[in-house]
Amino acid sequence: IKTLKESLDSLENQILNAKVCWVMVNKKNGKPVRLSKFMDKEMIEPSKSLKDVSVNLSSKEADKGIDYYFPEIIKPETIHYQLPFKVRMHDLDLNGHVNNAIFVEWGVETVPERILSKFSPDTIDVIFNKESLYGDIIVSHTEIREDAEKLLTFHSIIRQQDQAELAILNIVWLSLNK
């Protein structure tokens with residue numbers, strides 16, 4: 001029987017590479033829970049400390065597994081595009097909160113068609129700050145920055161009622177013409 005890693009290593013063309021960081025929160029007091037109380041020792045002992053991780057990982061280093069480096073997420077400084085959304089039942093997960101994938105959709109939806117037709121997302125970094133519920137009015141703000149090789153978009157997802165920042169996203173886009 002192959003391990004998951006052996007199965008993944010055998011894929012010829014990588015389709016997706018993802019890193020996640022989760023925090024369990026106590027519903028009664030809203031404070032983070034120390035996960036080590038609930039996990040096997042092998043799962044919580046990191047192989048690298050944060051200070052040992054290089055920001056510029058080569059693809060071979062990145063393939064060794066998940067490290068503890070997560071890039072800084074940048075908020076939009078200038079709003080080039082914005083679009084309001086009303087949270088629909090279809091947007092909710094089984095807990096009655098907006099599904100995390102919907103926040104990404106809201107960010108991408110504010111990117112003009114002229115960009116969507118010429119670029120494809122290469123990297124999407126997201127920080128989810130707060131939940132959103134059915135009926136909330138959401139406003140997606142987007143800033144677009146271009147350089148010679150790539151296009152960057154910075155997104156902030158705001159709940160209109162209280163101006164709470166629900167999520168921030170950074171997307172690196174690569175040209176489809178390369």
Side-chain angles (χ1 to χ4, degrees), residues 8 13-33 35 50 55 57 62 66-178:
L8 292 174
N13 294 314
Q14 183 176 3
I15 297 170
L16 176 71
N17 182 358
K19 293 187 225 178
V20 298
C21 180
W22 292 90
V23 176
M24 186 180 295
V25 177
N26 182 319
K27 286 179 80 171
K28 291 180 181 176
N29 62 20
K31 294 183 180 180
V33 175
L35 293 177
L50 180 59
V55 172
L57 295 174
I66 296 175
D67 54 50
Y68 290 93
Y69 169 74
F70 290 89
E72 177 186 1
I73 308 293
I74 300 168
K75 295 179 185 183
E77 293 175 5
T78 304
I79 299 171
H80 295 131
Y81 299 94
Q82 67 179 9
L83 195 59
F85 298 91
K86 183 174 182 179
V87 176
R88 308 165 300 167
M89 289 297 289
H90 178 75
D91 298 329
L92 304 179
D93 60 21
L94 295 174
N95 295 319
H97 303 130
V98 170
N99 183 301
N100 288 351
I102 301 299
F103 288 94
V104 176
E105 287 181 20
W106 288 335
V108 171
E109 192 66 30
T110 60
V111 176
E113 190 278 332
R114 67 176 172 77
I115 291 173
L116 296 174
S117 65
K118 295 179 183 173
F119 292 85
S120 176
D122 180 57
T123 305
I124 303 175
D125 294 309
V126 185
I127 294 178
F128 301 101
N129 294 321
K130 295 186 182 213
E131 63 192 28
S132 185
L133 306 171
Y134 178 73
D136 284 349
I137 305 297
I138 305 304
V139 180
S140 176
H141 297 145
T142 298
E143 175 183 359
I144 298 173
R145 296 185 200 169
E146 293 185 61
D147 68 23
E149 296 181 19
K150 59 188 169 196
L151 180 112
L152 306 168
T153 57
F154 304 96
H155 308 268
S156 182
I157 310 298
I158 307 293
R159 183 173 39 233
Q160 189 176 43
Q161 295 91 311
D162 59 2
Q163 295 299 300
E165 184 176 69
L166 306 179
I168 51 176
L169 301 82
N170 292 174
I171 305 176
V172 177
W173 302 80
L174 294 181
S175 174
L176 294 172
N177 299 324
K178 286 189 176 186

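Computed over heavy atoms, backbone and side chain alike; hydrogens, waters and symmetry mates excluded. Just so it is clear, the structure is predicted and the values come from calculations on it, not from any experiment.
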Roughly how far apart are F103 CZ and L169 CG, rounded to 0.5 Å? 9.0 Å

May I ask you to decide if N95's main-chain N or O and D93's side chain share a donor-acceptor pair within less than 3.5 Å? yes

With a 4.5 Å heavy-atom cut-off, do L152 and I144 have their side chains touching? no

Can you find a heavy atom in the side chain of L174 that is under 4.5 Å from one in the side chain of S120? no

In terms of ring plane angle, is the pair F85 and W106 parallel, tilted or perpendicular, where the classes change at 30° and 60°? parallel

Do V87 and L133 come within less than 4.5 Å of each other through their side chains, counting heavy atoms only? no

Once rounded to the nearest 0.5 Å, what's the spacing between atom CD1 of I115 and atom OG1 of T142? 9.5 Å

Got a donor-acceptor contact below 3.5 angstrom from the D162 side chain to the A164 backbone? yes

With heavy-atom distances below 4.5 Å as the criterion, would you say the side chains of V108 and L116 are in contact? yes

Exceeds 12 heavy-atom contacts within 6.0 angstrom, atom CD of E165: yes

Which of I74, I168, T110 passes side-chain contact (heavy atoms from CB on, under 4.5 Å) with H155? Answer is T110

Applying side-chain hydrogen bond (donor to acceptor under 3.5 Å, both in side chains), run through H80 and E143 and close with a yes or a no. CA-CA 5 Å; H80 295 131; E143 175 183 359; 5.3 Å; no

Would you say that V126 contacts N100 through its side chain, given a criterion of any heavy-atom pair below 4.5 Å between the two side chains? no

Please tell me if the side chains of S132 and D91 come closer than 4.5 Å, counting only heavy atoms from C-beta onward. no

